[in-house]
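Working notes for the structure below.
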Amino acid sequence: MAESMGSANKTMRKRLKWTDGFALTIGVMTTGIFTSVGYTMGTVGLWGMIAVWVSAALIGLLQVMLFTEMALMFPNKTGGIGVFAHEAWRKYFAPIGPFCVYGYWMAWSLALSAVGLTFGNLVKAQWFPDTGTFFTIFGIDIGAQHFIAAGAIILVWMLNVLGVKPTVRVLWILNIGVVFVLLVFVVMPFVTGQWSADSFTFHFSGAWGGWKLAIALMYLAAWSVYGTEIIATFAPEFGDTKRDVPKATSFNGFTMVAIYILVPIGAAGTLGENAIASDPIGYAVLAFQHLVGPASGFVTLVVCASMFASMTASSGGAGRALFGLAREGMTLKQLDHLSKRSGMPVRQMTLDMVVNVAMVFFLGSTLAVLFASNFGYLVCTTFAVAGFVLLRKDRPNWPRPFKLRSYWVGIAVVLTIVDAVIALVGFLNPDLGGYGDASSIFIALVLLSFGPITYVIRKKFQDRVKLVLREWVPAHPDEESPSFEGQAKGEAAPEGAAVEPR
């Protein structure tokens with residue numbers, strides 16, 4: 001495998017405890033509560049929203065158990081589930097790897113601009129409501145919200161550059177208020193006697209008896225509720241990988257399910273379903289006022305803290321995914337680099353920061369990009385879950401410090417089918433998820449094409465090896481890759497053999 005470009009560190013430093021996994025994921029968990037749940041409730045009712053989001057959260061819980069086994073199979077590989085998909089599929093069709101890892105990177109990276117703009121709009125509405133348009137760029141009216149979003153993206157980058165431990169400390173502080181507000185929504189309605197289920201409804205309509213809409217809404221929910229798998233991306237950085245990673249993933253998976261059951265029920269039981277549907281972003285402020293008293297500034301601050309925490313985890317996860325992509329020889333060699341000072345993928349996170357700041361100012365809407373990143377994420381997830389089955393079949397003797405029972409292979413097969421259906425239906429129906437029209441599909445395909453393009457550049461022009469569709473894989477970590485004369489000159493190795501650069 002190609003050496004790191006001047007990096008003093010070959011792997012990420014081990015500095016995390018299992019409890020730090022909660023700090024890394026709570027922002028991802030709650031962003032959907034504060035930004036998307038209200039829209040779903042307005043579309044299909046409270047019980048419909050519970051059916052969609054909790055079903056997706058349960059899928060995410062089952063998947064994160066699969067990914068835990070895979071993370072401990074490759075405890076020193078950074079890049080998360082995209083790298084797991086690469087390991088499983090390269091024996092059969094090597095190009096799947098870069099497509100999956102690139103899609104995974106898109107999901108975490110390009111969400112920064114979308115969440116950042118929502119963050120900017122909330123801050124402007126609460127504290128700078130009278131500011132107007134500053135100037136116009138390519139027909140886009142630039143206001144305070146754009147500069148706030150860009151500032152948040154830059155702050156997130158600076159925080160991640162300092163290292164994972166300082167980042168986690170800040171996330172713990174940010175999430176204190178978030179956890180407090182969630183507990184208020186869960187407990188206070190029953191303590192004060194203000195809770196009622198009279199307004200709760202369940203109404204799906206449209207094609208396939210409403211199933212098409214339900215699947216499209218699960219496509220929308222997937223990024224948030226599948227997000228606990230980011231622990232697998234940070235797995236090499238836990239101090240005791242064998243003990244910490246299973247604890248972190250299982251705790252966060254169950255917490256995700258609980259949040260998406262209890263918090264919407266508490267909030268809707270306090271305000272009523274219609275009130276939340278009419279103000280799907282600001283409902284948290286109204287619910288808090290009903291339960292505790294006027295505190296719009298505080299609740300808005302908490303919601304913003306949740307978004308900032310989500311952006312921080314996204315930036316860190318995206319940087320590590322890009323580093324893992326390069327470390328496995330699937331994208332530009334210059335991205336196979338860790339900072340000598342902090343041991344962080346600074347170069348990769350800087351690229352993310354620049355791309356997302358540019359998107360904030362030069363894209364009128366990030367919805368199409370968010371649609372593309374969701375698709376890339378679901379494709380990666382589908383192949384990674386299927387990869388669990390392939391790894392069980394192809395590498396039965398591979399060390400598995402955390403090994404699930406054999407019936408999990410059947411669960412993985414079912415989850416693969418479910419994820420594939422969600423990805424396909426959501427991708428072909430962007431209007432149902434509120435992502436736009438057919439142009440969103442075109443933008444998604446263009447963005448995803450960059451993964452295979454950079455893969456070809458890396459192999460053909462940087463490593464100077466011939467592209468092969470199938471690679472040799474070891475049956476055990478100690479098994480050495482066969483070498484072949486002429487490989488360094490770009491000659492083809494025998495079919496099915498590895499073509500790693502020397």
Side-chain angles (χ1 to χ4, degrees), residues 28-29 31-63 103-104 106-107 110-111 114-115 118 200-227 229 256-257 260-261 264 268 273 276-278 280-281 365-383 385 414-448:
V28 177
M29 294 183 196
T31 295
I33 287 286
F34 295 129
T35 61
S36 302
V37 159
Y39 289 106
T40 307
M41 200 178 300
T43 303
V44 295
L46 182 279
W47 294 125
M49 173 262 137
I50 294 289
V52 168
W53 284 78
V54 174
S55 294
L58 287 170
I59 293 171
L61 172 61
L62 294 174
Q63 288 175 170
Y104 184 73
M106 278 181 56
L110 302 187
V115 177
T118 304
F200 296 176
T201 62
F202 181 94
H203 47 87
F204 284 91
S205 60
W208 309 348
W211 278 100
K212 190 174 184 180
L213 174 61
I215 295 170
L217 291 174
M218 289 185 74
Y219 180 94
L220 174 67
W223 183 84
S224 290
V225 296
Y226 287 8
E229 54 71 24
M256 177 76 79
V257 175
Y260 281 93
I261 294 174
E273 187 182 286
I276 292 179
S278 62
I281 297 294
S365 171
T366 59
L367 281 179
V369 176
L370 195 59
F371 171 80
S373 64
N374 259 20
F375 180 63
Y377 184 65
L378 276 164
V379 168
C380 176
T381 300
T382 303
F383 279 108
V385 171
V414 173
L415 291 176
T416 299
I417 296 170
V418 170
D419 283 332
V421 170
I422 293 172
L424 185 62
V425 173
F427 181 66
L428 295 178
N429 298 276
D431 55 317
L432 290 178
Y435 286 109
D437 51 27
S439 64
S440 298
I441 297 177
F442 174 75
I443 292 171
L445 294 175
V446 170
L447 288 173
L448 287 168

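In what follows, every heavy atom counts, from backbone to side chain, and hydrogens, waters and symmetry copies are set aside. The shown structure was predicted, so the numbers you read here are calculated from the model rather than taken from an experiment.
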Quiz prompt | Leu213 CG to Ser205 OG distance, which is reported to the nearest 0.5 Å | solution = 6.5 Å
Quiz prompt | Val44 vs Leu217 side-chain heavy atoms within contact, under 4.5 Å | solution = yes
Quiz item: Side chains of Ile281 and Phe34: does their closest heavy-atom pair fall under 4.5 Å?
Solution: no
Quiz item: Do the side-chain N and O atoms of Trp53 and Thr40 include a donor-acceptor pair separated by under 3.5 angstrom?
Solution: yes
Exercise. Locate the shortest heavy-atom distance separating Trp223 from Val28; write the atom from each residue and the value.
Key: O-CG1, 4.3 Å
Exercise. Taking the six-membered ring for Trp and the single ring otherwise, decide whether the centroids of Phe202 and Phe204 are under 6.0 Å apart.
Key: yes
Quiz item: Taking the side chain as C-beta and beyond, is there a heavy-atom pair between Ile50 and Tyr260 under 4.5 Å?
Solution: no
Quiz prompt | Pairwise distance CE(Met256) to CD1(Ile33) - rounded to 0.5 angstrom | solution = 9.0 Å
Exercise. Report yes if some heavy atom in the side chain of Glu229 is under 4.5 Å from a heavy atom in the side chain of Tyr104; otherwise report no.
Key: yes
Practice problem: Any chance you could measure Thr201, atom OG1, to Met41, atom CE, to the nearest 0.5 Å? | Solution: 9.5 Å
Quiz prompt | Audit row: Ser224, Met29, side chain to side chain contact (heavy atoms under 4.5 Å, CB included) steps and yes/no | solution = CA-CA 6 Å; Ser224 290; Met29 294 183 196; over 6 Å; no
Quiz item: For Thr382 and Ala420, which heavy atoms make the closest approach, and how far apart are they?
Solution: OG1-N, 3.7 Å
Quiz item: Hey, does Leu448 have a side-chain heavy atom less than 4.5 Å from the side chain of Met106?
Solution: yes
Quiz item: Are Asn429 and Tyr219 linked by a side-chain donor-acceptor pair shorter than 3.5 Å?
Solution: no
Practice problem: Verify, without hydrogens or angle tests, whether His203 (side chain) and Gly48 (backbone) share a donor-acceptor contact under 3.5 angstrom. | Solution: no
Quiz prompt | Candidates Asp419, Val418, Leu424, Val425 - the one meeting side chain to side chain contact (heavy atoms under 4.5 Å, CB included) with Val421 | solution = Val425
Quiz item: Of Val385, Val414, Thr381, Leu415, which meets side chain to side chain contact (heavy atoms under 4.5 Å, CB included) against Ile59?
Solution: Leu415
Quiz prompt | From Tyr226 atom OH to Leu61 atom CG, the distance as rounded to the nearest 0.5 Å | solution = 12.0 Å
Quiz item: Where do Ala277 and Gly42 come nearest, in terms of heavy atoms and distance?
Solution: CB-CA, 3.4 Å
Quiz item: What heavy-atom pair brings Ala372 and Leu447 nearest, and what distance separates the two atoms?
Solution: CB-CD1, 3.8 Å
Practice problem: Indicate the atoms forming the closest heavy-atom contact of Ile215 with Ile422, along with that distance. | Solution: CG2-CA, 3.7 Å
Quiz item: Would you say Glu273's side chain and Leu46's backbone share a donor-acceptor pair under 3.5 angstrom?
Solution: yes
Quiz item: Closest approach of Gly426 and Phe371, non-hydrogen atoms and distance?
Solution: O-CE1, 3.4 Å
